[in-house]
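What follows is a short report on a single structure.
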Amino acid sequence: MALVSRRRIFMIISTLTALALLSVFVYQASGPWTDLSTARAKLVLANAFAVSRPDYRIRADPSKEADIGPWGGTVPLLVDPRSAYPLNKGDEATRQAAVELLPSGDVSAPHLRPWYLTSVISSSGESAPIGLTPKDQGLVDLPDKNKYLRALVMVELSASTSAKIVDAWLLNGIDVAIFRLQNDSKGSVSWDDSFCDDKSLPCASDHPMPASDGFKLWVSTLRDEDAPLLAQLNLDLGELRRLSRAGTVEGFIASVELEEIKSLSQNRQVESVEIISVSLGDGRD
């Protein structure tokens with residue numbers, strides 16, 4: 001009798017243990033992020049956050065792996081303000097950040113402080129100066145025979161223009177393409193001149209991608225099921241696809257020499273040029 005009781009107790013304990021393990025497995029396998037792979041999270045979320053913040057350079061952090069499970073995780077990023085040098089020339093004030101996927105199913109983007117470029121981008125199209133402001137004109141008129149000075153400029157166009165045409169205006173091309181959303185109250189989206197690895201794109205890791213080409217490639221990788229994920233960062237998949245098909249930009253950010261600023265300010269397709277920052281040469285090509 002005692003032996004039978006012990007067997008029953010053992011069977012009950014075994015059954016309860018199995019049920020507990022099963023419940024844990026079911027709980028872990030049915031979280032809000034169950035169907036999202038780590039690679040997909042990097043491709044969609046890291047780039048979506050970068051697209052929504054033209055005032056910062058944002059890219060995947062190569063030193064840290066994204067860690068995504070059924071109940072959330074993080075996508076590590078490297079973030080720094082725009083530099084007066086081409087974006088592939090090195091870091092200026094880089095810090096680490098991360099997009100967080102919460103157990104609630106929400107996405108939490110890192111907080112980035114607004115700075116001068118932020119306000120210039122947000123006010124573009126409202127009361128932009130024609131050509132150059134007197135302050136910027138004085139800077140451009142400085143003698144710079146050895147081309148030591150480089151400036152980061154925000155350029156607003158008088159009308160939508162082919163990205164490839166705009167890219168040809170400058171010796172090194174543009175750094176950031178600005179695409180204006182149909183609903184002006186929602187501002188704009190952007191894309192960097194960058195390497196494929198920075199954006200987790202399906203192309204050669206050492207292959208630099210012009211801003212407009214990189215944007216088209218990223219949008220081509222997006223799926224219909226990514227729409228809710230993009231919406232968490234205030235992006236509309238249909239609008240992104242429309243902008244990608246159009247292939248035109250309403251403005252751009254570029255690192256240029258002073259002579260190039262003069263040329264831009266005299267271009268009839270340019271509405272305004274605003275100098276954001278200026279740096280001295282430091283030996284980089």
Side-chain angles (χ1 to χ4, degrees), residues 42-44 46-60 82-89 117 120-121 124-125 152-184 186-223 226 230 233 235-256 260-261 263-264 267-274 276:
K42 287 178 64 177
L43 179 68
V44 178
N47 290 327
F49 181 56
V51 156
S52 66
R53 291 302 302 257
D55 49 337
Y56 281 82
R57 180 190 179 203
I58 300 167
R59 59 210 187 279
R82 296 294 179 193
S83 161
Y85 283 90
L87 299 182
N88 58 5
K89 293 294 184 181
L117 179 56
V120 171
I121 293 171
S124 63
L152 183 74
V153 296
M154 169 69 192
V155 176
E156 186 171 359
L157 303 176
S158 55
S160 297
T161 307
S162 164
K164 293 192 180 299
I165 289 176
V166 169
D167 209 49
W169 291 348
L170 303 171
L171 181 62
N172 293 316
I174 66 174
D175 294 338
V176 186
I178 304 291
F179 308 92
R180 189 76 59 201
L181 298 172
Q182 275 189 325
N183 185 345
D184 286 341
K186 291 188 176 181
S188 58
V189 297
S190 67
W191 195 268
D192 295 355
D193 178 2
S194 58
F195 287 93
C196 298
D197 271 1
D198 292 341
K199 305 292 187 181
S200 303
L201 291 174
C203 53
S205 60
D206 60 348
H207 180 55
M209 293 284 289
S212 57
D213 291 349
F215 180 70
K216 285 185 177 182
L217 179 58
W218 177 61
V219 173
S220 73
T221 67
L222 297 176
R223 307 166 184 163
D226 294 325
L230 293 166
L233 292 175
L235 294 174
D236 179 82
L237 179 57
E239 181 79 341
L240 293 176
R241 286 173 172 168
R242 181 191 68 79
L243 292 171
S244 175
R245 287 193 301 269
T248 57
V249 298
E250 279 66 44
F252 61 87
I253 300 168
S255 49
V256 297
E260 290 181 302
I261 300 178
S263 175
L264 286 171
N267 189 320
R268 293 183 178 180
Q269 293 172 273
V270 170
E271 181 74 17
S272 66
V273 182
E274 188 147 1
I276 306 302

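Hydrogens, waters and symmetry mates play no part in the numbers below; they use all other heavy atoms, side chains included.
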Next on the checklist: Looking at Glu260 and Leu171, would you say the former's side chain and the latter's main chain have a donor-acceptor pair under 3.5 Å?
Outcome noted: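 Looks like yes, one N/O pair under 3.5 Å.
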Next on the checklist: Using modelled atom types and a 3.5 Å cut-off, is there a donor and acceptor pairing between side-chain atoms of Ser158 and backbone atoms of Gln269?
Outcome noted: yes
Side-chain heavy atoms of [X] within contact of [Y], under 4.5 Å:
{"X": "Thr161", "Y": "Thr248", "result": "no"}
{"X": "Val270", "Y": "Leu157", "result": "yes"}
{"X": "Trp191", "Y": "Asp213", "result": "no"}
{"X": "Met209", "Y": "Cys203", "result": "yes"}
{"X": "Ser188", "Y": "Ile121", "result": "yes"}
{"X": "Arg82", "Y": "Ile276", "result": "no"}
{"X": "Leu117", "Y": "Ile253", "result": "yes"}

Item to check | Pairing residues for Glu250 by the side-chain hydrogen bond (donor to acceptor under 3.5 Å, both in side chains) criterion, not counting sequence neighbours | outcome: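 Only Ser160 meet the side-chain hydrogen bond (donor to acceptor under 3.5 Å, both in side chains) criterion with Glu250.
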Item to check | Set of residues satisfying side-chain hydrogen bond (donor to acceptor under 3.5 Å, both in side chains) with respect to Asp167, sequence neighbours excluded | outcome: none
Can you name the closest pair of heavy atoms from [X] and [Y] and give their distance?
{"X": "Val249", "Y": "Ala177", "answer": "CG1-CB, 3.8 Å"}
{"X": "Arg241", "Y": "Arg223", "answer": "NH2-C, 3.8 Å"}
{"X": "Arg180", "Y": "Arg242", "answer": "O-NH2, 3.8 Å"}

Going by the rule side-chain contact (heavy atoms from CB on, under 4.5 Å), which residues pair with [X] if we only count those two or more places apart in sequence or in a different chain?
{"X": "Thr221", "value": "Leu43, Pro202, Trp218"}
{"X": "Ser244", "value": "Phe215, Lys216, Val219"}
{"X": "Asp197", "value": "Ser205"}
{"X": "Ser212", "value": "Ala163"}

Just verifying a value: how many Å separate [X] [atom1] and [Y] [atom2], rounded to the nearest 0.5 Å?
{"X": "Leu170", "Y": "Ser263", "atom1": "CG", "atom2": "OG", "answer": "7.5 Å"}
{"X": "Glu156", "Y": "Phe252", "atom1": "CD", "atom2": "CZ", "answer": "11.5 Å"}
{"X": "Leu240", "Y": "Arg245", "atom1": "CG", "atom2": "CZ", "answer": "10.5 Å"}
{"X": "Lys164", "Y": "Ile174", "atom1": "NZ", "atom2": "CD1", "answer": "10.5 Å"}

Checklist entry - Which residues pass the salt bridge (charged side-chain N to carboxylate O under 4.0 Å, His left out) test with Asp198, sequence neighbours left out? => result none
Item to check | Presence of salt bridge, Asp175 and Arg57, under 4.0 angstrom | outcome: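 Salt bridge: no.
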Next on the checklist: Show, in sequence, the C-alpha distance, side-chain angles and deciding distance for Asp55 and Val120, and conclude whether the side-chain contact (heavy atoms from CB on, under 4.5 Å) test is met.
Outcome noted: CA-CA 9 Å; Asp55 49 337; Val120 171; over 6 Å; no
Checklist entry - In this structure, which one of Leu233, Leu222, Leu235 forms a side chain to side chain contact (heavy atoms under 4.5 Å, CB included) with Val44? => result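 Filter result, single survivor: Leu222.
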